[in-house]
Amino acid sequence: MLILRKISELRKFVEKQKADKKKVGFVPTMGALHRGHLSLISECKKNNPVTIASIFVNPQQFNDLSDYKKYPRTESADLKLFKEKGCTAVFCPDEKTIYPEPPLLKFSFGTLEQVMEGAHRPGHFNGVALVVSKLFNLVTPDTAYFGQKDLQQFLIIKKMVSDLGFNIKLNCCPIIRDKDGLALSSRNVLLSNDERKAAPELYKGLCNARNLLMKGQSISQAKKTVQGIFRNHSFIRLQYFEIADHKTLAEVKNLNDHENVALCIAAFLGKVRLIDNVFLKM
Ligand code: PAF
């Protein structure tokens, strides 16, 4: 497995693959790998003879400096895992390589970013779009792979790809969960024992609401039930629970008006912020 740190090395490697007419799949990450990331690599390898991953903790997408500082950085363990999984190459740039100067470009995603993560993390999706567009320009993959856990991120990247005319297919891969239901996240390692024990309640809350909706309860009743579960919880502070159209993220008022809907949750466990979602129709 090649470890590429410079843009010139990456470009040379990609040019060779294209000259050899090999399809290139791309899995961008911020490292601190878990089985969720590795499932993206497996999916990528199924359809591409060349799998490029990247590791870059992107400062531009952190609206909270302490979150950026404490984000787990485990590069040598990550490289080992990528190698075991059969990645062809990993791009590991430093900050100056990606941002030789502070970027001035600003993205705007309208209503798609005015809810949920976008509403609670100002500037987050601008930072995501900056880095992903840059990585797409450098890697020029045929297909890129992202996780459904970051559903809003996926929809925003999809819009960016369409608006900017990138010739890249996008693949949204299922959420990978621990046995107790907790969605895998690089931030899970930051949870205390008590927080980790409480964390699966986010998924349980989502499943509970989905069951209620499937049994015909109203949207406001399902929302009240989930909000009730977390009211006065010792370890979980609910930030939002939304029932949104799975493509536009518009608030759902009547289930019959939508092909599918996503139930999305964000909560703080101590200082750790976790998100999760489920679709109503699986
Ligand atoms: O989902 C992530 O890990 C990041 O947001 C991404 C897509 C690698 C961009 O930094």
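Order of listing sets the numbers, starting from 1, for every ligand and every atom in it. In this chain, residues are counted from 1 in sequence order.
The shortest N or O to N or O distance between Gln153 and ligand 1 is under 3.5 Å. Between Gln61 and ligand 1, a contact under 3.5 Å exists for at least one N or O pair.
In this structure the side chain of Phe91 reaches within 4.5 angstrom of the side chain of Ile7, judged on heavy atoms.
Heavy-atom contacts of Val131 reach the following atoms of ligand 1: 9 (C), 10 (O) (cutoff under 4.0 Å).
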### Task
Mind running side-chain contact (heavy atoms from CB on, under 4.5 Å) on Cys264 and Phe241 for me, showing each step along the way?
CA-CA 6 Å; Cys264 304; Phe241 168 64; over 6 Å; no
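Aromatic pair Phe107/Phe125: centroids not less than 6.0 angstrom apart.
A perpendicular orientation is assigned to the rings of Phe136 and Phe146, their planes being inclined by more than 60° (bins at 30° and 60°).
In Thr29, the part holding a heavy atom less than 4.0 Å from any atom of ligand 1 is the backbone.
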